[in-house]
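Okay, so here's the structure we're looking at.
Values in this document were obtained by computation on a predicted structure and should not be read as measured data. Only heavy atoms go into these numbers, but all of them, side chains included; no hydrogens, no water, no symmetry mates. The sequence lines fix the lettering, A, B, ..., with proteins before strands; numbering per chain opens at 1.
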Amino acid sequence: MSDSIAIELRDVVKRFGDVIAVDHVNLQIRDGEFFSLLGPSGCGKTSTLRMIAGFELPTAGSILIHGREMGITPPHLRPVNTVFQSYALFPHMTVAQNVAFGLEMRKKPKDEIARQVKEALELVRLSGLEERRPRQLSGGQQQRVALARALVNHPEVLLLDEPLGALDQKLRKEMQLELKSLQARVGITFVFVTHDQEEALTMSDRIAVMNKGKLLQVGTPTEIYERPNCRFVADFIGETNFIDGVVIGRDGNYTVLETPEGLRFRGLATRPLSDGTAVTYSIRPEKVRLLAPNGELPPNGLAGTVMTVNYIGSDTRITVRINDRRTIDIWEQNTRSTLDRDEYWQPGEAAVIVCPPDNALVLSE
Amino acid sequence: MATLQQQQQRRDRIRLALLLTPGLLWLLLFFALPLVIIFIYSFMTNDALGRVVYEPTLNNYVTIFTQSLYVNAYWRSIWTSVLTTVICLLIGYPLAVFIARSPQQWRMPLLMLILIPFWTNFLVRIYAWQIILANNGIINGLLEIIGIGRLPLLNNEGATLVGLIYGELPFMVLPLYAAIDRFDFTLMEAAADLGANKVQAFLRIMLPMTMPGIVAGSVLVFIPTLGQFVVSELLGGAKVDYLGNLIQRLFLRANPINWPLGSAMAVLMMLVLLVLIMMYFRVTSEEER
């Protein structure tokens with residue numbers, strides 16, 4: 001069950017006039033998976049979702065749901081349901097009527113509809129609000145109605161188009177966890193579209209990162225964050241220090257690059273790179289270490305000057321200048337509970353940064 | 001001592017009264033008063049010269065309910081108005097959807113095309129239809145050329161209907177457009193997503209949600225159509241009597257003129273309208289529920 005494929009995209013292309021919204025995407029989404037399509041607005045993630053739902057047809061390529069070629073099957077005959085960004089609840093119907101709609105369309109008997117509507121509303125913790133109209137509900141409650149309305153049909157796949165976008169930050173976090181646990185309970189494949197990388201990392205079993213219609217990387221949240229396969233993914237997911245240079249050789253497992261001003265960095269390359277290739281070195285701020293100078297530079301160390309020190313609660317964010325045109329950001333976790341910041345790094349202080357090569361990546365475009 | 005809030009409320013009330021007075025006076029003088037006069041006249045009678053004689057009687061109403069001339073006029077006008085309204089709705093709804101779904105920059109020009117005929121006097125436009133439908137008119141000219149031969153298109157009830165639909169269509173399209181423009185078409189996708197085909201999605205979602213536009217458009221078309229007399233006179237050839245024609249004749253041209261009977265017909269027409277529209281609101285608001 002868990003290794004069968006719920007949705008397969010084969011070389012899918014979508015054009016709107018001259019614009020290529022989705023550019024030769026190949027993708028397999030496994031059964032029971034919480035799968036996120038992540039990317040900036042206009043990256044093609046919503047178009048991809050709409051093609052799965054059947055609201056748009058691919059210009060080329062094919063979409064299979066549980067092995068069945070969808071072709072030009074209209075949305076009402078596809079075994080998927082959608083939670084819309086705007087919820088798209090029917091304003092002239094009560095909560096119960098909204099949830100019952102899909103079952104009525106499938107001509108289920110009345111008593112069964114009543115029972116399933118009740119169950120679905122219990123599932124999303126909305127029991128007691130059956131007779132309310134959508135406009136009488138809060139954003140979070142509307143969100144739950146949209147979920148119940150889709151899930152009550154037991155779709156093979158649930159498509160969610162930025163469903164948390166309209167909620168405030170706190171509610172959003174709550175709904176993220178709730179959605180995740182809901183998905184685990186119902187066991188339905190979720191395909192979740194979002195532009196919020198943190199949301200995708202929190203909720204997903206696997207993430208597909210898209211940009212400009214292209215699928216850049218598919219992987220678990222850890223893989224996407226720790227081993228981005230290109231500069232865009234490294235940049236879009238989390239924060240990172242980028243340093244441009246060219247490959248000048250290898251040192252054991254590591255690829256060595258040199259910057260125009262002659263600094264050398266070591267990191268892991270995601271694929272073999274020949275000497276002279278233009279590359280970008282990437283290291284996450286929390287992976288850089290900051291030491292007091294003791295006369296001798298450690299391996300992978302660089303001398304610099306502390307520029308700014310910003311306390312943000314859980315972390316302290318420090319910027320260190322290493323030469324005329326380069327700074328490195330470093331995040332240090334505030335592990336000691338002390339209010340006495342005088343002994344901490346001060347702007348203007350000399351410091352040494354260490355970039356462990358196992359935590360650094362050498363990325364090519 | 002009144003509180004500041006009470007003082008302010010009093011001042012607001014005085015301002016409101018001042019603002020409303022001109023409008024209220026106008027309505028009283030030119031709407032309510034004539035209506036009262038018509039109502040009183042409807043219980044009077046006339047003399048051989050057509051003057052109103054102040055002798056209270058119910059004869060006018062008895063006449064209307066017993067003579068087929070009047071009964072038929074009511075039925076004919078109601079039936080024609082229903083037909084006009086339904087056809088305007090059937091033409092106007094798709095048209096309004098088309099305009100509302102057009103690219104933003106096209107919507108205003110398309111609405112203007114609907115409104116442009118209003119720049120010309122209604123009578124002139126109805127005369128234009130005479131030219132189009134006449135025996136030696138444009139359509140018959142074309143029919144002759146393609147070998148079908150001339151058809152009697154003018155001076156019948158069909159011509160009246162065509163003229164009425166032509167004249168009233170904008171009053172249907174504009175409120176429909178307003179309702180459909182507000183309608184969120186994502187809801188149609190949501191319905192399709194939940195297993196509704198196009199017809200089901202329309203009947204269950206779009207129709208009830210655009211019902212206010214349908215009601216407004218229907219009322220706007222139905223009311224003037226029920227009392228009209230110009231179109232049936234100019235295009236229908238005045239062969240059969242509609243309510244408006246009868247009332248107009250009783251007031252202006254009958255020998256002797258009979259204002260009391262005409263007033264009674266007008267009062268009854270208003271009653272008919274009131275009842276029909278209340279029934280209509282009832283049915284459509286149930287639909288919405």
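In this structure, chain A has heavy atoms under 4.5 Å from both the backbone and the side chain of A191(B). Of the two parts of L89(A), only the backbone, made up of N, CA, C and O, holds a non-hydrogen atom closer than 4.5 Å to a non-hydrogen atom of chain B. In this structure, the portion of S86(A) lying under 4.5 Å from any heavy atom of chain B is its side chain and not its backbone. Looking at R78(A), neither its backbone nor its side chain comes within 4.5 Å of chain B, counting heavy atoms on both sides. Interface residue N81(A): backbone and side-chain heavy atoms are both found under 4.5 Å from chain B. Heavy atoms of Q200(B) lying under 4.5 Å from chain A belong exclusively to its side chain.
Side-chain rings of F55(A) and F84(A) approach one another, their centers coming within less than 6.0 Å. For F118(B) and F171(B), the ring centers sit closer than 6.0 Å to each other.
Judged purely by atom type and a 3.5 angstrom limit, T94(A) uses its side chain to pair as donor or acceptor with the backbone of Q97(A).
Here the options are E119(A), K118(A), E112(A), the test is side-chain hydrogen bond (donor to acceptor under 3.5 Å, both in side chains), and the partner is Q116(A); only E112(A) passes.
In this model, no donor atom of one side chain and acceptor atom of the other lie less than 3.5 Å apart for S81(B) and T225(B).
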